[in-house]
Amino acid sequence: MSKRMDMPKGSGYDAWLHYHRDRLIEKMPAWCRVIVVHDTDDEVLQTAASELQQGLASMFGQQPKMSTIPVHVPFVALGTFQDHSCIAERFSAEEQAEVSVEGYRIRGVEAKKLADSTGQDHDDIKGQCVIIAGQTSKGVLYGVFHLLRYLQGGLDGKLKPTAKESLHAPSLDLLSNPANPIRMINHWDNMDGSVERGYAGASIFYNNNAFTTNMERLRDYARLLASVGIQALSINNVNVHQVETELITDRFLPDVAKVAAIFRAYGIQIYLSINYASPIQLGGLTTADPLDPDVAEWWKTKAQEVYAAVPDLGGFVVKADSENRPGPFSYGRHHADGANMLADALRPYGGRVIWRCFVYDCKQDWRDRKTDRARAAFDHFKPLDGLFRDNVILQIKNGPMDFQVREPVSPLFGALEATQVLLEFQIAQEYTGQQKHLCYLVPQWKEVLDFDTYAQGKGSTIKRIVSGALHSNSESGSHHRKATVHAGSGSFQEEPTNHVPKGTSFGIAAVSNIGADTNWTRHLLAQSNLYGYGRLSWDPDLSADEIADEWVRLTFSNQGKDYGDPELIPTIKQMLLDSWNIYESYTAPLGVGWMVSPNHHYGPDVDGYEYSMWGTYHFADCWGIGVDRTTATGTGYAGQYFPPVAEIYESTDTCPDELLLFFHHVPYTHVLHSGQTVIQHIYDTHFEGAERAAHLQATWISLREHLNELVYEQVLTRLEHQAEHAKEWRDRINTYFYRKSGIPDEKNRPIY
Ligand code: GCV
């Protein structure tokens with residue numbers, strides 16, 4: 001059994017896996033007393049058995065026995081259909097076929113039925129048995145975590161807190177398959193121990209330009225991730241600096257291999273972010289030109305070395321030609337040239353290239369009103385559709401800008417018809433309060449996933465695009481590229497790649513929000529975002545409410561004091577559900593974004609980016625505000641969407657209020673669909689937002705007697721800060737727009 005770090009109760013270290021003893025359950029259910037798992041070398045299956053054993057022991061105060069053969073007492077058995085006949089015989093061929101590679105089935109059976117149906121010698125089993133089955137050991141591991149969630153009372157948010165009835169095994173009968181083949185977390189950790197946009201302490205992977213020796217912490221992290229179905233992890237920042245460039249050399253590969261081993265046991269494949277200019281920096285070449293044969297050869301040799309050290313490395317993540325990082329543009333080449341060259345090097349080992357589409361000109365001239373950063377990803381990558389190798393995946397941020405509290409969905413989704421894509425979210429709250437403010441992001445992610453692009457008619461939602469479902473169903477995914485690429489950019493290869501996206505290299509990635517703080521996320525309630533991201537990437541149909549409900553139950557049930565208060569769970573849940581809207585209301589209005597202090601991105605600074613060269617304007621003057629992104633008079637960005645979405649955004653008559661200023665420049669007196677003017681909306685939302693932030697704090701205080709003191713205190717400190725800071729936001733924004741517009745607040749509230 002793997003060792004875990006011992007942390008005080010209430011520290012938040014165990015997160016949603018605390019498995020507290022439920023005092024309502026007097027004794028362990030019979031079927032939990034023996035775990036049947038066949039003798040196996042499969043590490044992930046061993047992990048699954050060990051997790052189940054530890055979880056049950058912790059919840060019921062009694063250590064289940066392990067058995068490698070079926071026993072004559074009730075039991076819980078786990079294994080794959082293929083390797084475990086005692087498992088396979090519990091499911092029909094059709095039922096087995098319904099389980100996908102990483103999916104699982106859990107079934108409770110009356111022991112009597114078990115005996116009847118098999119005709120085997122089980123007649124003397126009394127009571128119930130539970131079977132956890134998958135096609136692969138990873139599926140079984142996810143099934144184990146599901147069962148443990150169930151026992152903690154949070155099964156998919158659909159159960160009441162653990163009651164005796166829910167322990168009745170035969171009531172269990174479920175199938176669960178992940179919607180997304182890739183469910184990934186990206187770390188922006190640097191080897192000096194810092195984390196780019198990290199708000200929860202130092203890196204858990206590195207310090208002082210070396211790998212951590214604290215493998216227990218990494219293992220505990222792997223558990224958290226696997227428990228919500230994460231199976232891919234990039235372990236270093238996409239901005240690959242000098243030392244990190246050497247991660248793919250002998251200097252660090254033995255360490256990478258050790259980390260890979262920790263995560264492998266939890267079914268998680270690791271990836272490395274690489275420096276596109278490595279052939280120059282490490283190899284002494286004079287160029288990193290993707291079409292230079294020496295460069296291609298250098299990468300082939302490098303891939304051989306890397307895979308000798310870590311044979312199951314997932315592949316490379318690449319940020320190229322973005323924010324001053326090197327890339328193929330320096331050589332007059334396209335991104336398909338760059339990505340394909342790397343893909344060819346990784347192909348013999350089954351490796352993938354995850355190529356980021358966050359490519360834009362960060363040195364924009366404000367006089368040029370046609371250049372628009374929002375257009376950039378589409379303009380760069382749409383013309384390359386169909387030209388990427390089948391082990392290249394394009395990673396696209398959810399919006400066209402950069403993880404703002406509100407922005408539209410990137411129009412590149414759906415526009416790429418013959419290219420595999422990963423959607424990129426940011427769990428780290430870079431622009432959403434930096435884990436000092438409460439901002440449960442699942443509702444925002446749900447809006448993105450449910451957004452209908454109309455790429456192939458109604459129902460072409462983002463969730464169907466990123467899971468690969470839309471491509472599998474469509475003709476468009478199967479035709480090869482014939483179109484000619486426009487843009488005057490050097491040596492474009494016109495050959496089609498014979499690539500047919502089949503749905504295995506699609507999914508979701510997200511920037512991590514964890515660090516070395518004891519509770520992982522600094523703001524304890526921000527753990528809900530990590531949990532929620534995992535659950536949503538497994539099942540995008542879960543609602544934000546269901547996920548919040550699960551997380552709150554798993555985190556706050558049985559904290560030791562809460563039996564008396566039936567309101568605890570719903571109250572904390574409501575705080576989460578309200579929080580994104582609250583944060584949005586006291587920060588940048590109506591989708592305009594970017595009113596934060598430059599560089600560190602925290603706190604109000606309305607003109608912070610207006611007079612910088614990064615191209616993130618709001619164009620506020622004394623008459624109006626907003627960016628004209630229409631095709632008629634603006635940058636043309638609205639035209640990157642499919643109809644009818646393009647038309648909806650094109651006109652102020654149909655553009656949704658919350659995105660009005662993203663798409664249109666309007667006078668302050670413009671009347672919104674809500675009936676308010678833009679200026680009055682700004683005042684109202686900012687006054688209300690600050691009040692609601694204060695209410696979050698008051699609500700938390702009202703729960704005090706029902707919470708563990710450590711938990712109470714750590715969250716309270718954050719909420720106090722948020723309430724104060726929300727006032728600062730309110731005042732800075734309101735005074736700015738009052739002074740710009742000269743229009744007073746209808747309700748005559750104090751604006752300085
Ligand atoms: C890793 C934004 C962030 C950067 C980040 C970049 C990216 O610009 O502020 O810190 O760099 O996005 O996603 O590459």
Side-chain angles (χ1 to χ4, degrees), residues 184-200 203 205-206 233-245 247 271-277 316-327 329 335 338-339 353-364 372-374 376-377 380-381 393-405 407 410 412 421-435 441 448 508-515 533 587-588 593-603 605 608-609 612-617:
M184 184 177 203
I185 298 262
N186 296 154
H187 275 264
W188 287 357
D189 294 30
N190 301 312
M191 291 200 71
D192 63 3
S194 62
V195 179
E196 182 151 348
R197 311 306 174 186
Y199 310 105
S203 168
F205 289 95
Y206 318 101
L233 186 76
S234 59
I235 62 168
N236 64 300
N237 190 357
V238 288
N239 291 327
V240 185
H241 308 294
Q242 187 142 2
V243 185
E244 295 82 358
T245 301
L247 278 169
Y271 288 69
L272 292 173
S273 300
I274 56 110
N275 179 344
Y276 188 79
F316 294 158
V317 178
V318 192
K319 172 175 177 175
D321 292 313
S322 166
E323 300 184 333
N324 306 315
R325 305 311 302 158
F329 283 166
H335 279 217
V353 174
I354 298 183
W355 190 273
R356 294 177 85 231
C357 295
F358 187 59
V359 178
Y360 67 98
D361 180 3
C362 59
K363 297 199 176 58
Q364 197 180 319
D372 180 4
R373 174 171 163 180
H380 285 303
F381 288 94
I393 312 169
L394 295 190
Q395 181 164 313
I396 309 168
K397 287 192 180 186
N398 60 270
M401 297 301 268
D402 195 9
F403 304 132
Q404 300 301 292
V405 67
E407 50 180 305
S410 170
L412 197 50
V421 295
L422 270 186
L423 163 63
E424 180 177 338
F425 284 133
Q426 191 182 41
I427 317 175
Q429 291 172 235
E430 178 176 356
Y431 295 95
T432 48
Q434 304 199 349
Q435 286 144 243
L441 289 164
V448 172
I508 314 187
V511 181
S512 156
N513 67 342
I514 70 108
Y533 167 70
T587 55
W594 294 105
M595 292 180 176
V596 289
S597 303
N599 306 321
H600 60 70
H601 297 164
Y602 190 68
D605 186 349
Y609 273 107
S612 95
M613 65 191 172
W614 289 74
T616 45
Y617 310 118

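Counting starts at 1 for both ligands and their atoms, following the listed order. We number each residue from 1, following the sequence as shown.
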What are the atoms of ligand 1, with element, lying closer than 4.0 Å to any heavy atom of Glu430?
3 (C), 9 (O)

Starting from atom 14 (O) of ligand 1, find the nearest protein heavy-atom neighbour and note its residue, name and distance.
Lys319 NZ, 2.6 Å

Quick one: which ligand 1 atoms are inside 4.0 Å of a heavy atom on Glu196?
1 (C), 4 (C), 5 (C), 10 (O), 11 (O)

Heavy atoms only: give me the nearest Val359-Ala376 pair and the separation to one decimal.
O-CB, 3.2 Å

Which bit of Val511 is near ligand 1, meaning a heavy atom under 4.0 Å away: side chain, backbone, both or neither?
neither

Excluding sequence neighbours, so at least two apart, what forms side chain to side chain donor-acceptor pair (under 3.5 Å) with Asn398?
none

among protein heavy atoms, the one nearest atom 2 (C) of ligand 1 is Asp402 OD2, 2.8 Å

Any Gln426 heavy atom less than 4.0 Å from ligand 1
no

What is the nearest protein non-hydrogen atom to atom 6 (C) of ligand 1, stated with its residue, atom name and distance?
Glu323 OE1, 3.3 Å

Quick check on contacts: which atoms of ligand 1 are under 4.0 angstrom from a heavy atom of Arg197?
3 (C), 4 (C), 9 (O), 10 (O)

Could you check whether any side-chain heavy atom of Arg325 comes within less than 4.5 Å of a side-chain heavy atom of Tyr276, counting everything from C-beta outward?
no

Would you check the N or O atoms of Asn239, main chain and side chain alike, for any that come under 3.5 Å of an N or O of ligand 1?
yes

If we only count N/O pairs under 3.5 Å, is Lys397 in contact with ligand 1?
yes

Decide yes or no for Lys397 and Gln426: does some side-chain heavy atom of the first lie under 4.5 Å from some side-chain heavy atom of the second?
no

Once rounded to the nearest 0.5 Å, what's the spacing between atom CZ of Arg373 and atom CZ of Phe358?
4.5 Å

Which of the ligand 1 atoms, numbered from 1, are nearer than 4.0 Å to a heavy atom of Asn237
1 (C)

Can you measure from OG (Ser322) to CG (Asn239) and round to the nearest 0.5 angstrom?
7.5 Å

Are any of the side-chain heavy atoms of Thr432 and Leu441 separated by less than 4.5 Å?
yes

Numbered in order shown, the ligand 1 atoms found under 4.0 Å of a heavy atom of Val238 are 1 (C), 14 (O)

Hey, is ligand 1 close enough to Glu424 that some N/O pair sits below 3.5 Å?
no

Aromatic rings Phe403 and Trp188: how do their planes relate, parallel, tilted or perpendicular, breaks at 30° and 60°?
tilted

Ring-plane angle category for Tyr360 and Trp614, please: parallel below 30°, perpendicular beyond 60°, tilted otherwise.
tilted

Side chain, backbone, both or neither: which part of Trp188 has a heavy atom under 4.0 Å from ligand 1?
side chain

Closest non-hydrogen atom pair, Glu323 against Cys362
CA-SG, 4.1 Å

If you count the atoms of ligand 1 from 1 in the order shown, which ones are under 4.0 Å from a heavy atom of Phe358?
6 (C), 7 (C), 8 (O), 12 (O), 13 (O), 14 (O)

